[in-house]
Amino acid sequence: MRVQIHNDKQALGKHAAEEGAAAIREAIAEKGHAAIIVATGASQFEMLDVLVECDVNWSCVTVFHLDEYVGLGVDHPASFRRYLQERFVERVAGLKEFIPVNADEEDLDAEVLALGRRIAQEPIDVCFAGIGENCHLAFNDPPADFETTSPYIVVELDEDCRRQQMGEGWFASLEEVPRRAVSMSIRQIMASSKIILSVPDERKARAVKHALEGEVSNRFPASIVQEHADTVMHLDKASASLLSA
């Protein structure tokens with residue numbers, strides 16, 4: 001994997017988006033279409049602002065949603081489906097398809113199985129993601145399941161994860177943060193041809209150190225990307241501040 005350290009989160013977002021857009025264009029040129037995964041959260045703000053302006057034929061692109069809280073309606077301000085609709089889907093012209101995680105469905109197991117069948121039809125060219133303060137990848141909190149072959153799984157959110165969501169302002173109190181989510185699994189993320197991680201801010205510095213310099217361990221789920229053939233982690237000086245080199 002590669003690591004790029006930028007002066008600030010604006011430069012980080014610009015370089016991550018442009019690298020991803022280039023990979024999307026390459027996939028379209030090779031096979032006529034592309035499939036990507038798009039993440040949410042505060043770490044993706046700057047990257048998405050640039051990505052939506054990049055020269056990409058979005059009518060050839062299928063977009064998969066990384067994760068969503070169980071039982072949270074799309075009208076809730078913290079809904080990741082709402083986030084992606086407002087910050088990405090509605091801002092690009094003629095997107096081929098957006099496949100959301102509808103984790104408020106009454107039959108959650110059926111929704112998870114349907115998502116798994118759908119993503120199995122589309123080899124993923126680019127996964128845009130971040131990592132959590134607890135080193136989670138998507139909502140795969142520690143100790144993450146590195147073995148499941150299910151593309152999407154229902155997970156329990158740990159307190160550190162839930163506190164991060166409150167700290168970022170998505171919820172007014174810890175009690176309001178859902179305790180479960182539907183998340184893309186580690187193996188499904190790792191099946192992506194290219195992974196682009198956008199990880200700004202000093203509060204992520206310890207997680208970055210564990211992900212890059214520690215052993216691969218499900219106690220630090222994002223460390224798994226050390227084993228991926230084509231991952232780049234874009235950092236700013238704050239998130240890179242604890243790295244040894």
Side-chain angles (χ1 to χ4, degrees), residues 1-6 9 11-27 30 34-44 46-48 50-51 54 56 61 63-67 119 122-142 144-149 151-152 183-201 204-245:
M1 65 173 297
R2 295 180 290 118
V3 178
Q4 294 190 14
I5 301 174
H6 308 281
K9 64 176 65 179
L12 183 164
K14 179 177 185 296
H15 284 86
E18 290 177 347
E19 181 171 6
I24 296 169
R25 289 194 296 269
E26 182 178 346
E30 288 181 356
I36 69 173
I37 298 164
V38 181
T40 55
S43 66
Q44 306 299 301
E46 291 77 18
M47 187 280 292
L48 287 174
V50 177
L51 184 62
C54 285
V56 171
V61 180
V63 176
F64 288 90
H65 178 185
L66 197 63
D67 47 26
I119 202 168
E122 302 271 1
I124 302 299
D125 299 294
V126 185
C127 174
F128 294 95
I131 69 174
E133 293 175 24
N134 65 353
C135 208
H136 71 202
L137 185 60
F139 265 147
N140 296 286
D141 286 339
D145 187 341
F146 280 3
E147 303 304 322
T148 182
T149 58
Y152 286 87
S183 177
M184 190 174 290
S185 68
I186 292 291
R187 281 200 177 190
Q188 179 62 54
I189 294 168
M190 290 288 285
S192 305
S193 294
K194 186 179 192 70
I195 300 175
I196 296 178
L197 300 173
S198 298
V199 191
D201 299 326
K204 300 287 184 71
R206 188 168 299 280
V208 167
K209 185 174 181 65
H210 284 302
L212 296 179
E213 297 183 348
E215 64 180 14
V216 175
S217 167
N218 68 350
R219 295 182 299 112
F220 305 104
S223 65
I224 193 69
V225 299
Q226 295 178 32
E227 299 182 351
H228 191 266
D230 188 5
T231 289
V232 57
M233 187 179 293
H234 289 272
L235 307 174
D236 60 8
K237 289 184 176 180
S239 62
S241 61
L242 295 181
L243 294 178
S244 301

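Side chain of N218 to backbone of A144: a donor-acceptor contact under 3.5 angstrom is found. Remark: the backbone N or O of M184 is paired with a side-chain donor or acceptor of N140 at under 3.5 angstrom. A distance-only check finds a donor-acceptor pair linking the side chain of D145 to the backbone of T148 [under 3.5 Å]. At distances below 3.5 Å, not a single donor-acceptor pair connects side-chain atoms of T231 with backbone N or O atoms of H228. In this structure a side-chain-to-backbone donor-acceptor pair under 3.5 Å is missing from S223 to A211.
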Inset, instruction - Dump the intermediate steps for side chain to side chain contact (heavy atoms under 4.5 Å, CB included) on F128 and L197, then the final yes or no. - result: CA-CA 6 Å; F128 294 95; L197 300 173; over 6 Å; no
Legend entry - Working for side chain to side chain contact (heavy atoms under 4.5 Å, CB included), residues M1 and L212: CA-CA 9 Å; M1 65 173 297; L212 296 179; 3.5 Å; yes
Legend entry - Worked check of side chain to side chain donor-acceptor pair (under 3.5 Å) between D236 and H6: CA-CA 5 Å; D236 60 8; H6 308 281; over 6 Å; no
Legend entry - Audit row: S244, E213, side chain to side chain donor-acceptor pair (under 3.5 Å) steps and yes/no: CA-CA 8 Å; S244 301; E213 297 183 348; 3.0 Å; yes
Legend entry - Chi angles and distances behind the salt bridge (Lys or Arg N to Asp or Glu O under 4.0 Å) call for K9, D201: CA-CA 8 Å; K9 64 176 65 179; D201 299 326; 2.8 Å; yes
Legend entry - side chain to side chain contact (heavy atoms under 4.5 Å, CB included) assessment of Q188 paired with I119: CA-CA 9 Å; Q188 179 62 54; I119 202 168; 3.7 Å; yes
Inset, instruction - Decide side chain to side chain contact (heavy atoms under 4.5 Å, CB included) for V232 and V3; before the verdict, give the C-alpha distance in whole Å, the side-chain angles of both, and the deciding distance to 0.1 Å. - result: CA-CA 6 Å; V232 57; V3 178; over 6 Å; no
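Under 4.0 Å is where a charged nitrogen must lie from a carboxylate oxygen, and between E19 and R2 at least one such pair does.
Counting only heavy atoms from C-beta outward, the side chains of V126 and I196 approach each other to under 4.5 Å. I131 has its side chain out of reach of H136: every pair of non-hydrogen atoms, C-beta onward, lies at least 4.5 Å apart. Looking at heavy atoms from C-beta onward, K204 lies out of side-chain contact with L235 at the 4.5 angstrom threshold. With a 4.5 Å cut-off on side-chain heavy atoms, V208 and M233 count as touching. Considering only heavy atoms from C-beta on, V63 stays 4.5 Å or farther from I37 through its side chain. At a threshold of 4.5 Å between non-hydrogen side-chain atoms, the residues H234 and V199 do not count as touching. Within the 4.5 Å cutoff, no side-chain heavy atoms of D230 are placed close to those of I195. The shortest distance between side-chain heavy atoms of M190 and I224 falls below 4.5 Å.
Taking both residues in full, the closest heavy atoms of F64 and I124 are given as CD1-CD1, 3.8 Å, listed atom of the first, atom of the second, then distance. Looking at every heavy atom in both residues, V56 comes nearest to A21 through CG2-CB, 3.9 Å. Between S43 and G130, the closest heavy-atom pair is OG-CA, 4.3 Å. Contact record, A17 with L51: CB-N, 3.6 Å, taken as the closest heavy-atom pair. Scanning both residues, S193 and D125, for their nearest heavy atoms gives CB-O, 3.5 Å.
Heavy-atom neighbours of R206 CZ from other residues, nucleotides or ligands within 6.0 Å: at or below the threshold of 12.
To the nearest 0.5 angstrom, L12 atom CG is 6.5 Å from S239 atom OG. Separating the SG atom in C127 from the CG atom in L66 is a distance of 6.0 Å, to the nearest 0.5 Å. Here E46 contributes atom CD and S198 contributes atom OG; the two are 9.0 Å apart, rounded to the nearest 0.5 Å. Remark: S185 OG to F146 CZ distance equals 11.5 Å, nearest 0.5 Å. With rounding to the nearest 0.5 angstrom, the CZ atom of R219 is 8.0 Å from the NE2 atom of H210.
The closest side-chain donor-acceptor pair between N134 and D141 falls under 3.5 angstrom.
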